[in-house]
Amino acid sequence: MYASGKYSSRGPALIPRMKTKHRIYYITLFSVVLLGLIATGMFQFWPHSIESAADWTLDKRSVHDAPVVRLPVSSPIPERGDLSCRMHTCFDVYRCGYNPKNRIKVYIYPLQKFVDELGVPISSTGLSREYNDLLSAISDSDFYTDDVTRACLFIPSVDVLNQNSLRIRETAQALAMLPRWDKGMNHLLFNMLPGGPPDYNTALDVPRDRALLAGGGFSTWTYRQGYDVSIPVYSPLSADVELPQRQPGPRRYFILSSQTAIHREYRAELERLKEENGEALLLLDKCSNLSQGAASARKRCYKGQVYDYPQILQESSFCVVLRGARLGQAALSDVLQAGCVPVILADSYILPFSEVLDWKRASVVIPEEKLSEMYTILKSIPHRQVEEMQRQAHWFWEAYFSSMKAIGLTTLQIINDRIYPYAARTYEQWNNPPVVKWSSVNSPLFLPLIPPRAPGFTAVVLTYDRVESLFRVITEISKVPSLAKLLVVWNNQNKSPPEESLWPKVGVPLKVVRTKENKLSNRFFPYDEIETEAVLAIDDDIIMLTSDELQFGYEYFNYLYTYKMPGDIKNWVDAHMNCEDIAMNFLVANITGKAPIKVTPRKKFKCPECTAIDGLSLDQTHMVERSECINKFASVFGTMPLKVVEHRADPVLYKDDFPEKLKSFPNIGSL
């Protein structure tokens, strides 16, 4: 699992022969590893064999009860694999068909024990614990079907996670014997440890026809973009150890290297960096004074000092992840779990789930030739960005790396998104962690809302007693084509609203709601009169907006503001009569992970009839409180969800010299 070596990332069929010094190194390394395995026993292999555990079952049947299938010597062997395969050439999407849930159906072949004519199994480990967990998770998911005729994707029960344990020819023959194989069409194989010594191909060497491959060590030479799925190498170490929660921030060490058996050239360069930067860099290796075994795998040493692994990873801001004999390294999973930003030096490596995950937010990728510049490169990253990367790294592990279930279901979701692109998860859904969760509500998708009963939007106007200004706002809003209803929130308990005959005549329903208390939060209450999804919240003094500018509008999340705002933010707003707009932006940014978009107009606020007496924003303490409330809200949310944005939206032809009748919004900027 922790094999090493500085090598070319392509397999022997794709590149010239390796340099002599590297080939000698690999042969020597392989000999040492082989002797070590003989001396310490096969229990050190990954994945672990579960052939001896009678209580492990899949579909309520012990692996020992699986029928034995003998493979004749003359059994057909699939082709090695078509590197030109893409979803439109080697995958039959018509098998998936249309379904209301836009979800593929996955069939898992029944367990079988394949042996050759002499009765020797095709694998030395049988069904591994990891592959059993993977199949069990899929069979318990919404993707699974036990009806083979409904299946869009087929997964063999043949375990090819670890190529080290396989007999290549016989495994290929077993795949070809599957009843629905059809040259691998619509079949998915999971492999985490590809290739073998001395060259270590970066993709599974088992001939597999057109089957999709979820692989844990792809290079740019073997990865079929948009067809294969690059997956992580699962780490039993990090999965078995529950690390304490560690908040992002400065750590004891700046850079930490924990991988063992690193190629001597890399080791020498790291030692030079250690000499130059002292205690900022911790360079660990395996412990020579400990007996080999499972316990020693959880230890690392530096000059006789023993450290617990992977716990020590939490003590560093950055953790080095170097290529080994294989590109994919389980150390990446360990590092992510610790919330340590991985510094990846593995040229041509296809990072796990890179089709959907934005690794720039959680890692630093440095070319191998720039290892000597690593310290300088990392020092140039701002502290705030490092903290965000630490947070993102841990969330990547939690969401996509932490278990075989997470890895398997993420793989299926990626394939599902390819087949049903119109229902695919967005970039934000894949990459934005739910920063704060409260009352089990962390996404608008989970709100207790019903589909809109009316198109358009509802304008909610908050007022106290500025009647003339209120009527001007109502008159302008009523011109907006998408307006469905006007709702006036009368916040003055000491004065009645004007008589009905005095209100402006508008072409949409107009309703006045009298509140019991004078609260700014009343503007965000989910009134029963609101029958649209989109809501425009506006004050009675916003008179410099045109109907075109309002048509270019925005929507808010009233239910969340009223009932699910965290902490005492809502009470603070009501007590100070300030910052309700900032609180709403905190809420929406936290939920969506998106920055606000500045839309027209470009003008400054103006209200001729507003005075220092009736204008809240004209009070000298108003802006001071707004600075205080930002700090207050950030402490309640536990983070700063607001994002820096340098984008503003203007309609097409906004300022162009075109006839007004050709513009969709001719009145923008006219006031």
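Interatomic distance, CZ of Arg326 versus CE of Met192, reported as 13.0 Å (0.5 Å rounding). With rounding to the nearest 0.5 angstrom, the CG atom of Asn431 is 9.0 Å from the NZ atom of Lys360. Between atom CG of residue Leu189 and atom CG of residue Asn191 there is a gap of 8.5 Å, rounded to the nearest 0.5 Å. Here Asp334 contributes atom CG and Ser258 contributes atom OG; the two are 7.0 Å apart, rounded to the nearest 0.5 Å. Here CG of Asp228 is found 10.0 Å from CD of Glu355. Values are rounded to the nearest 0.5 Å. Considering OG1 of Thr145 and CZ of Arg150, their distance stands at 4.5 Å, rounded to 0.5 Å.
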What do the steps show when you test Leu345 against Val320 for side chain to side chain contact (heavy atoms under 4.5 Å, CB included), and what is the final call? CA-CA 8 Å; Leu345 297 103; Val320 179; 3.9 Å; yes

Does Val233 form a side chain to side chain contact (heavy atoms under 4.5 Å, CB included) with Leu332? I'd like the steps, not just the answer. CA-CA 8 Å; Val233 178; Leu332 176 59; over 6 Å; no

Between Arg298 and Val241, is a side chain to side chain contact (heavy atoms under 4.5 Å, CB included) present by the stated rule, with each step listed? CA-CA 10 Å; Arg298 297 180 183 274; Val241 177; 2.8 Å; yes

Evaluate side chain to side chain contact (heavy atoms under 4.5 Å, CB included) for Val386 paired with Phe318, printing each intermediate quantity in order. CA-CA 9 Å; Val386 173; Phe318 294 96; 3.7 Å; yes

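At a threshold of 4.0 Å, the pair Asp308-Lys299 counts as salt-bridged, since one of the basic side-chain nitrogens sits closer than that to a carboxylate oxygen. Here Asp347 does not pair with Lys370 in a salt bridge; the nearest charged N to carboxylate O distance is not below 4.0 Å. With respect to Glu388 and Arg391, a salt bridge is recorded, a charged nitrogen being found less than 4.0 Å from a carboxylate O.
Side-chain contact of Thr202 with Ser219: a donor-acceptor pair under 3.5 Å is present, judged by distance alone. No hydrogens or angles considered: a donor-acceptor pair under 3.5 Å links the side chains of Asp205 and Gln163. Under the 3.5 Å distance criterion, with hydrogens and angles disregarded, a donor-acceptor pair is assigned to the side chains of Arg361 and Asn432.
Between Thr410 and Ala399, the closest heavy-atom pair is OG1-O, 4.3 Å. For the residue pair Gln259 and Gln329, the shortest heavy atom distance occurs at NE2-OE1, 3.5 Å. The minimum heavy-atom distance linking Ile415 with Leu188 is given by the pair CD1-CD2, 4.0 Å. Nearest approach of Leu212 to Phe91, heavy atoms of both residues: CD1-CD1, 3.5 Å. Here the closest non-hydrogen pair linking Ala261 and Asp285 is N-OD1, 4.0 Å. Nearest approach of Met389 to Ser363, heavy atoms of both residues: CE-O, 3.2 Å.
Put simply, the side chain of Ser316 never gets that close to the backbone of Leu313: no donor and acceptor are under 3.5 Å apart. Side-chain N or O atoms of Asn416 include one that pairs as donor or acceptor with a backbone N or O of Asn102 at under 3.5 Å. Remark: the backbone N or O of Phe218 is not paired with any side-chain donor or acceptor of Thr222 at under 3.5 angstrom. Formation of a donor-acceptor pair under 3.5 Å by the Ser380 side chain with backbone atoms of Ile377 is found in this model. Under a 3.5 Å cut-off, the side chain of Arg418 and the backbone N or O of Gly226 do form a donor-acceptor pair. Judged by distance alone, the side chain of Tyr400 and the main-chain N or O of Leu357 form no donor-acceptor pair under 3.5 Å. At distances below 3.5 Å, at least one donor-acceptor pair connects side-chain atoms of Ser230 with backbone N or O atoms of Ile350. Side chain of Ser141 to backbone of Ile138: a donor-acceptor contact under 3.5 angstrom is found.
Between Leu270 and Leu371, some side-chain heavy-atom pair lies under the 4.5 Å cut-off. The shortest side-chain heavy-atom distance between Thr220 and Ser348 falls under the 4.5 Å cut-off. A heavy-atom distance below 4.5 Å is found between the side chains of Leu336 and Pro342. Proximity of Phe524 to Val535: side-chain heavy atoms (C-beta onward) are nowhere separated by under 4.5 Å. Contact check for Ser157 versus Leu127: no side-chain heavy atoms found under the 4.5 Å cut-off. Residues Gln337 and Phe401 are not in side-chain contact: their nearest non-hydrogen atoms beyond the backbone lie 4.5 Å or more apart. Under the 4.5 Å side-chain criterion, counting only non-hydrogen atoms from C-beta, Gln225 is in contact with Tyr223. In this structure, Arg210 and Thr89 have side chains that are not in contact, with every pair of non-hydrogen atoms separated by 4.5 Å or more.
Shown here are the side chain to side chain contact (heavy atoms under 4.5 Å, CB included) partners of Asn631, two or more places apart in sequence or in another chain: there are none. Residues passing the side chain to side chain contact (heavy atoms under 4.5 Å, CB included) test with Gln314, sequence neighbours excluded: Leu243, Pro244, Arg246, Ala338.
Taking the six-membered ring wherever Trp is involved, the centroid distance between the rings of Trp359 and Phe353 does not fall below 6.0 Å. Checked against the 6.0 Å centroid criterion, the rings of Tyr375 and Phe254 qualify as a close aromatic pair.
Using cut-offs of 30° and 60° for the angle between ring planes, the Phe154 and His187 rings count as parallel.
Within a 6.0 Å sphere centred on CZ of Arg252, heavy atoms belonging to other residues, nucleotides or ligands number 12 at most.
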